[in-house]
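The next block holds one structure in the form of structure tokens; read it before the comments.
Lettering follows sequence order; numbering is per chain, from 1.
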Amino acid sequence: MENDLVRQRRRKLEEWASQGHPRYPYAYADRTPVSRVREAAARLEPQGVDRSRHFRVAGRLSLLRRVGRNTFAPLRDASGVIQIHFQSESMGTEDYDRITGLLDGGDIVGVEGFASRSRTGEPSLLASSLELLSKALLPPPEKWHGIKDPEVRMRKRHVDLFTSEEALQRFAARSALTQALRMELARREFLEVETPVLGRVASGAAARPFLSRYHYLDEDFRLRISLELPLKRLLVGGFERVFEIGKVFRNEDMDSMHSPEFTLLELYWAYVDYEDVRKLVEDLLHHLSIRAQEILPGERTDTLVQSFTPPFRQVDFGEALERESGIPGILDLPVEELRALARKYGARITDTTPAGTCLDKLFGHFVEPKLMEPTFVYDHPASTTPLAKAHRSKPGRVERHELYYRGMELTNAYSELNDPEDQEQRFRTQAEAQGNEDTTYAYDADFVEALRYGMPPAGGLGIGLDRLWMILLGSESIKDVILFPPTRSK
RNA sequence: GGGUCCGUAGCUCAGUCCGGUAGAGCAAGCGGCUCUUAACCGCUUGGUCCAGGGUUCGAAUCCCUGCGGGCCCGCCA
């Protein structure tokens with residue numbers, strides 16, 4: 001019974017305290033990363049002990065092997081693992097029994113001792129004294145299998161992390177990649193900014209927002225679904241290169257590629273168009289794939305670097321859709337026919353669904369699954385994209401590209417619409433087409449007004465970072481790259 | 001939202017088809033062993049079989065409902 005296990009561990013903690021030790025000490029000074037001690041130990045002969053220098057290390061004990069009058073226990077800190085060797089002979093029988101008798105797998109301890117090597121050559125720290133820094137009252141999972149249940153791994157990510165080296169490395173790698181992205185953008189003189197999460201309208205994308213209550217302002221607010229509109233207002237204000245990395249919230253279902261709360265990068269770059277942004281996307285992804293290769297060397301990342309070596313393939317939205325659907329002129333079909341077609345292929349379509357939505361569905365059905373290698377899809381129908389600028393030479397299209405990889409959308413970019421009258425009209429068309437504010441691009445009056453002051457021509461880019469990290473880290477599910485994915489209450 | 005599979009000890013899992021006293025390994029406790037590497041050997045403890053209802057002399061097992069999760073499909077840029 002769990003209570004038994006906990007009771008035993010609690011009893012050991014009390015016994016330790018009764019010997020005059022603090023239950024939960026405040027710090028452990030002068031410690032050395034275990035990787036450093038390991039290096040020192042590795043230089044010794046088997047069974048050698050270097051008594052010229054004391055080391056102090058701290059970390060979590062994973063399991064205890066008691067062999068006669070010796071106890072061996074791997075201790076892990078952020079730098080790695082080293083075996084702690086408790087030896088009756090060198091500690092004294094009394095201390096040895098007292099200390100090893102009170103330890104359990106999972107305890108966080110500080111140990112002082114000498115670098116040494118065991119008879120079998122394992123680099124070790126021969127313990128001379130120990131401080132219990134934090135008792136593990138709950139037992140860790142089984143040492144060999146760890147936690148298998150994906151539900152428990154998400155709900156108790158802290159346990160997943162200290163149990164699974166792979167999980168710890170994956171999230172450390174995510175952090176390193178985020179940092180690499182920030183540094184690369186800084187190098188290109190993009191300024192990082194933060195804009196509000198809570199707003200009166202959630203626009204810039206078509207998704208159902210989360211609702212909240214702003215008591216100070218006595219108004220209902222929404223959580224942002226994109227970063228786009230406030231960032232473009234910064235272009236109006238005079239920023240020429242800005243980006244934001246932040247959470248956005250879409251009140252939709254979750255699956256292996258979607259999370260209701262996800263991390264988005266959006267970037268805006270004045271005086272360039274979507275062609276310049278395409279080159280930036282190629283460079284960024286190539287750069288990040290190389291970083292992934294450095295962090296996680298192996299065949300998988302070698303292949304990634306190859307795949308993400310520019311130039312990437314490009315296909316015209318209309319040409320691709322015509323070719324794969326076998327329907328010439330599909331972009332120009334009347335909306336009724338598009339609805340019927342989209343229905344035929346399983347999409348949920350109403351009598352008011354706009355043409356753009358139908359074309360998106362058909363594209364998703366016919367083309368997306370075939371885009372395995374990095375491929376830019378460009379020049380979408382105008383009706384799909386109300387924030388992009390009309391194409392300079394293709395009527396009915398906008399200047400936009402999305403990068404697909406393994407059938408998944410990774411990036412999305414436009415030549416940004418900066419004509420306030422056109423923008424206002426596009427918002428209105430959206431609102432009329434669906435009549436449902438929650439699943440269409442919401443009209444943002446402040447944004448339209450901002451455009452009337454003049455926004456420079458600009459290229460913009462959005463990247464769903466969780467997906468990008470999935471690709472670069474080799475994860476099959478978005479939940480594997482999100483530390484604490486949302487879960488239902490139990 | 002639809003389909004499908006799963007939920008048994010702290011952890012990993014048998015047992016369910018074909019109803020009959022709740023099982024193993026790890027962890028834990030006791031004992032043994034002075035160099036182990038998932039240490040080993042002996043003994044022991046540990047259960048809301050996800051929850052509720054039904055069928056039955058008897059349910060972990062069969063049926064229904066609910067909850068949680070995985071996968072596939074649908075939906076959402």
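- Annotation: salt bridge (Lys or Arg N to Asp or Glu O under 4.0 Å) contacts of A:Glu165 (sequence neighbours excluded): A:Arg76.
- Checked against ring pair (Phe, Tyr, Trp, His ring centres under 6.0 Å), A:Phe55 has no partners two or more places apart in sequence or in another chain.
- Contact annotation for A:Ile225: no contact, since no heavy-atom pair falls under 4.0 Å across all strands.
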| request: Please assess A:Arg174 against A:Asp466 for the test salt bridge (charged side-chain N to carboxylate O under 4.0 Å, His left out), listing each intermediate value before the final yes or no. | output: CA-CA 9 Å; A:Arg174 176 180 171 140; A:Asp466 307 279; 2.9 Å; yes

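- Of all the residues in residues 253-268 of chain A, A:Asp253, A:Asp255, A:His258 reach under 4.0 Å from RNA chain B with at least one non-hydrogen atom.
- Within the 4.0 angstrom heavy-atom criterion, only backbone atoms of the sugar-phosphate kind lie near A:Gly146; the bases stay farther away.
- For the pair A:Phe363/A:Glu324, no side-chain contact is recorded, criterion being any heavy-atom separation below 4.5 Å from C-beta on.
- On the C1' atoms, B:rU45 is 16 Å away from B:rG25, given to the nearest whole Å.
- A donor and an acceptor atom sit less than 3.5 Å apart, one in the side chain of A:Arg467 and one in the base of B:rA77.
- Nucleotides B:rG32 and B:rA60 place their C1' atoms 38 Å apart, quoted to the nearest Å.
- Distances from the side chain of A:Leu63 to the nucleotides B:rA77, B:rC11, B:rA39 place B:rA39 closest.
- Within the model, atoms OG of A:Ser212 and CG of A:Leu198 stand 5.5 Å from one another, a figure rounded to the nearest 0.5 Å.
- To the nearest whole angstrom, the two C1' atoms, one in B:rG15 and one in B:rG20, are 14 Å apart.
- Atom CG of A:Asp104 and atom NZ of A:Lys12 lie 3.0 Å apart (nearest 0.5 Å).
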Show each protein N/O and nucleotides 66-70 of chain B N/O combination with a separation under 3.5 Å, one pair to a line.
unit_1, atom_1, unit_2, atom_2, d
B:rG68, O3', A:Arg155, NH2, 3.3
B:rG68, O2', A:Glu151, OE1, 3.2
B:rG68, O2', A:Glu151, OE2, 2.4
B:rG69, OP1, A:Arg488, N, 3.2
B:rG69, OP2, A:Arg488, NE, 2.8
B:rG69, O4', A:Glu151, OE1, 3.2
B:rG70, OP1, A:Lys479, NZ, 2.5

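- In a base pair of the Watson-Crick type (N1 to N3 plus N6-O4 or O6-N4) or a G-U wobble (N1-O2 and O6-N3), with each distance short of 3.5 Å, B:rC30 is matched with B:rG42.
- Look at the P atom in both B:rG23 and B:rG31: the space between them is 27 Å, to the nearest Å.
- Nucleotides B:rU48 and B:rA39 are separated by 36 Å at their C1' atoms, to the nearest Å.
- Between B:rC17 and B:rC6, the two P atoms lie 13 Å apart (nearest whole Å).
- Heavy atoms of A:Arg9 sit nowhere under 4.0 angstrom from any nucleic acid atom.
- Pairing for B:rG68 is with B:rC6, a Watson-Crick or G-U wobble pair whose two hydrogen-bonding atom distances lie under 3.5 Å.
- Atoms CG and CZ, on A:Leu138 and A:Arg9 in that order, are 8.0 Å from each other to the nearest 0.5 Å.
- Using N1 to N3 plus N6-O4 or O6-N4 for Watson-Crick, or N1-O2 and O6-N3 for G-U wobble, each under 3.5 Å, B:rC13 pairs with B:rG23.
- Comparing B:rU4 with B:rC43, their C1' atoms are spaced 46 Å from each other, to the whole Å.
- Remark: A:Glu166 CD is packed, more than 12 non-hydrogen atoms of other residues, nucleotides or ligands lying under 6.0 Å away.
- Scanning for salt bridge (Lys or Arg N to Asp or Glu O under 4.0 Å) contacts around A:Arg65 gives an empty result, with sequence neighbours left out.
- Between A:Lys143 and B:rC11 there is no side-chain polar atom (N or O) within less than 4.0 angstrom of OP1 or OP2.
- To the nearest 0.5 Å, atom CG of residue A:Leu264 and atom CG of residue A:Asn412 are 9.5 Å apart.
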Do any N or O atoms of the protein come closer than 3.5 Å to N or O atoms of nucleotides 34-36 of chain B, and which pairs are they?
unit_1, atom_1, unit_2, atom_2, d
B:rU34, O4', A:Arg69, N, 3.1
B:rC35, O2', A:Arg119, NE, 3.4
B:rC35, O2, A:Arg119, N, 2.6
B:rC35, N4, A:Gln87, NE2, 3.4
B:rU36, O2', A:Arg65, NE, 3.4
B:rU36, O2, A:Arg65, NE, 2.9
B:rU36, O2, A:Arg65, NH2, 3.2
B:rU36, O2, A:Gln83, OE1, 3.3
B:rU36, N3, A:Gln83, OE1, 2.9
B:rU36, N3, A:Gln83, NE2, 3.0
B:rU36, O4, A:Gln83, NE2, 2.8
B:rU36, O4, A:Ser118, OG, 2.4

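- The aromatic rings of A:Phe366 and A:Tyr345 sit perpendicular to each other, their planes meeting at more than 60°, with 30° as the lower class boundary.
- Here the OG-CZ distance, from A:Ser164 to A:Arg153, works out to 6.5 Å after rounding to the nearest 0.5 Å.
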